[in-house]
Amino acid sequence: MSPPGVTIAACRSGWWWTARAGACSRPSPTTARPPGRWSGWTSLPPRWWSASGPSGPAGCGRPPPRPIRPSCEPAPAWRCHDLALTEGILLAYAGRWGEPKSLHAAWARLHGLPVPDDDLPQVPRYQPALFEPERSGLPEGEGLVAVLGEVYADQQRRLAVAEHPERLRLLVAAESAGALAAVEMAEAGLPWRLDVHDQLLTGLLGPRPAPGTLPRQLRELAVRIGEAFGEPVNPDSPGQVVRAFAAAGITVPSTRMQVLREVDHPAVPLLFEYKELSRLFSAYGWSWLDSWVRAGRMRPEYVPGGVVSGRWATRGGGALQIPRAVRQAVVAEPDWTLVVADAGQLEPRVLAALSGDRGLERAARGGDLYGGLAAAAFGGDRPRAKVALLAAIYGQTSGEAGQLLGVLRRRFPEAVGYVEAAARAGEEGQLVRSRLGRTCPPPSTGWRERTAALGRAAEDDEEVRAARRSARDRGRFTRNFVVQASAADWALALLAALRLRLDSSRPAAPELVFFQHDEVVVHCQPADAVEVVAAVAEAADEARRLVFGGTPVRFPLDSAVVSCYADAK
DNA sequence: AAACGAGGCGCC
DNA sequence: AAAGGGCGCCTCGTTT
């Protein structure tokens with residue numbers, strides 16, 4: 001029996017989860033879709049719920065095809081509820097970080113029974129079918145739907161007693177809708193031109209090498225590096241490189257690019273070139289293509305909620321770290337196009353909205369926040385304004401940034417005060433939350449033991465210095481957390497609002513193909529591009545209104561209609 | 001042989 | 001005076 005007012009929603013992507021439970025270590029390519037699994041209804045994991053329509057799979061009882069839903073269609077709540085992700089949000093909210101959050105764990109906690117671990121190795125990570133439990137452990141005769149209903153009702157009770165129930169409910173809705181979008185996006189895949197990628201690699205590295213060997217260009221660079229040092233050196237070994245520099249009479253603390261940039265030695269430019277190409281080859285080279293690109297699409301494994309701040313992570317493929325050069329290979333299919341939209345200066349705008357600082361809000365009303373900031377307080381010096389604001393958000397205090405932060409504090413006391421309060425809370429071991437209530441992890445017991453030294457005698461010994469360092473580290477983390485996690489709140493709301501506007505029931509409908517923290521890519525027919533651009537802008541404004549209420553801060557999007565991702569910026 | 005941490009880079 | 005947040009993934013070099 002379903003909870004009152006709750007119906008099951010399904011989407012066509014369910015097969016993907018089915019594949020996960022089997023032998024596949026990553027999403028199957030479209031061509032390898034398991035036969036008989038393509039029913040949508042039976043293969044969807046039971047974590048997804050719909051609180052009110054749409055009451056069936058895509059295409060059922062929908063209005064006539066339109067690329068974009070009418071903007072007047074109300075979308076106050078997103079119609080799914082992911083029990084496990086919600087459990088994680090609620091546990092974190094209560095300071096109970098890391099406790100198992102699976103359906104069974106939540107149910108067992110509710111009944112005071114032994115709580116199963118989230119990561120039992122021998123069981124599938126996801127439920128194999130809609131009404132099958134994800135793993136054994138439910139008592140005999142206990143219907144899964146009844147269990148779902150119980151846990152759902154319990155979560156609703158816990159949401160209701162939060163400090164801002166409406167915000168936390170919105171977070172849960174956005175998180176759940178995001179999880180749905182993640183599966184759809186993984187199913188769709190990012191259009192990827194194998195031939196373009198191969199040409200890029202061949203042009204920079206030489207022909208594809210035999211397995212286990214380096215491409216020609218890397219081999220030659222390694223030889224030239226050895227010649228520059230007068231002895232063979234493995235450029236991949238920081239230890240060898242440091243020793244080689246020492247032999248040449250140059251002492252370097254490490255082989256970081258920032259360090260080597262200051263070094264005058266013929267090997268340095270060669271090392272830079274080697275590092276760049278080596279990374280391209282090893283992380284995004286031919287074997288990456290073999291693993292992640294099939295049938296013209298790159299299919300990452302998104303992990304919604306994979307980052308403590310609420311950002312997504314990916315499992316394998318490095319889909320959220322694709323180097324700019326490689327984006328040349330992301331090309332729309334023939335007679336299609338890409339709409340690439342990214343939120344400019346998102347985190348500073350989020351800080352303006354969070355803090356309600358009048359001055360920063362004023363700067364954030366325009367299209368160029370840093371420009372506005374520079375005009376207001378930095379004599380028009382935009383780079384300095386940017387450094388100052390980023391220092392506030394990231395907790396940088398050294399060098400010029402520290403000085404500029406002082407200027408910022410005098411002119412924008414509420415904005416700087418907001419992040420500094422979060423930093424103090426973190427240093428004291430307290431929890432901080434995003435706008436919608438996403439909560440940072442509590443400090444470890446080791447941290448508490450280390451920082452306990454601060455309460456005792458203030459001798460400036462090693463123990464006290466270590467304690468101060470630990471406290472400051474956590475302060476920087478919580479300072480950044482409130483901004484980064486609130487930006488993730490907004491981005492998730494944007495994604496959910498946009499997904500609702502894209503009508504996937506129509507043939508050749510626009511498809512969401514990529515989401516990266518503050519950026520979305522929609523693959524669509526050129527005739528739909530204008531509407532898609534408008535839909536993203538509407539979604540961004542809806543996210544602003546939902547997450548930040550009546551803030552005057554704008555969240556403008558830089559949108560581009562391009563055939564190649566690399567042309568977007 | 002496999003597991004791990006460190007050093008390092010690139011994405012946001 | 002002052003070590004900028006989050007992640008994934010590569011390689012090396014050591015430990016198990």
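Small disclaimer: the values here were computed from a predicted structure and weren't measured. Below, chain A is the first sequence line, B the second, and so on; all start at residue 1. Only this structure's heavy atoms are used, side chains among them; waters, hydrogens and symmetry mates stay out.
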Taking side-chain contact (heavy atoms from CB on, under 4.5 Å) as the test, write out the residues that go with A:Arg411, two or more places apart. A:Ala377
Derivation and outcome, side chain to side chain contact (heavy atoms under 4.5 Å, CB included), residues A:Arg479 and A:Glu420: CA-CA 7 Å; A:Arg479 166 199 293 264; A:Glu420 291 188 339; 3.9 Å; yes
Could you state the CG-C1' distance from A:Leu389 to C:dG5, rounded to the nearest angstrom? 14 Å
I want to check a possible cation-pi pair here: A:Arg435 against A:Trp490, using under 6.0 Å from ring centre and within 45° of the ring axis as the test. no
Side-chain donor/acceptor of A:Tyr565 to backbone N/O of A:Ala332, under 3.5 Å: no
What is the separation between atom CG on A:Leu390 and atom C1' on C:dG6, rounded to the nearest whole Å? 14 Å
Could you write nucleotides 3-12 of chain B as a row of B, S and -, 5' to 3', where a protein heavy atom under 4.0 Å of any base atom gives B, of only sugar-phosphate atoms gives S, and otherwise -? -----SBBSB
Give one of base, sugar-phosphate or nothing for A:Gly318, where a contact means two heavy atoms less than 4.0 Å apart. sugar-phosphate
Could you check whether A:Asn234 gets within reach of a base, just the sugar-phosphate, or nothing at all, counting any heavy atom under 4.0 Å? sugar-phosphate
Could you tell me the separation between the CZ atom of A:Arg479 and the C1' atom of C:dA3, rounded to a whole number of Å? 14 Å
Let me know the distance between OH of A:Tyr274 and P of C:dT11, rounded to the nearest Å. 9 Å
I'd like to know if the side chain of A:Thr439 reaches the main chain of A:Gly437, judged simply by a donor and an acceptor atom lying under 3.5 Å from each other, with no hydrogens or angles considered. yes
For nucleotides C:dA2 and B:dG8, find the distance between their C1' atoms and express it as a whole number of Å. 24 Å
Strictly below 4.0 Å: does A:Asn480 bring a side-chain N or O up to OP1 or OP2 of C:dG4? no
Check for me whether the distance between the ring centres of A:Trp312 and A:Phe515 falls short of 6.0 Å. yes
Check the side chains of A:Gln516 and A:Asp342 for a donor-acceptor pair under 3.5 angstrom, ignoring hydrogens and angles. no
Between C1' on C:dC10 and OH on A:Tyr284, what's the gap in Å once rounded to a whole number? 10 Å
In whole Å, I'd like the distance from the CD atom of A:Glu400 to the P atom of C:dA2. 15 Å
What is the distance, rounded to the nearest whole Å, between atom CG of A:Leu218 and atom P of C:dC10? 15 Å
Would you mind classifying the nucleic acid contact of A:Gly239 as base, sugar-phosphate or nothing, using non-hydrogen atoms under 4.0 angstrom? nothing
End-to-end bend of the helix from B:dA1-C:dT16 to B:dC12-C:dG5 (five-pair axes, 10° rounding)? 10°
For A:Ser282, which contact category applies under a 4.0 Å heavy-atom criterion: base, sugar-phosphate, or nothing? sugar-phosphate
Less than 6.0 angstrom separating the ring centers of A:Trp286 and A:Trp292, yes or no? no
Ring center gap for A:His523 and A:Phe514 short of 6.0 angstrom: no
Could you tell me the separation between the CH2 atom of A:Trp288 and the P atom of C:dC9, rounded to a whole number of Å? 12 Å
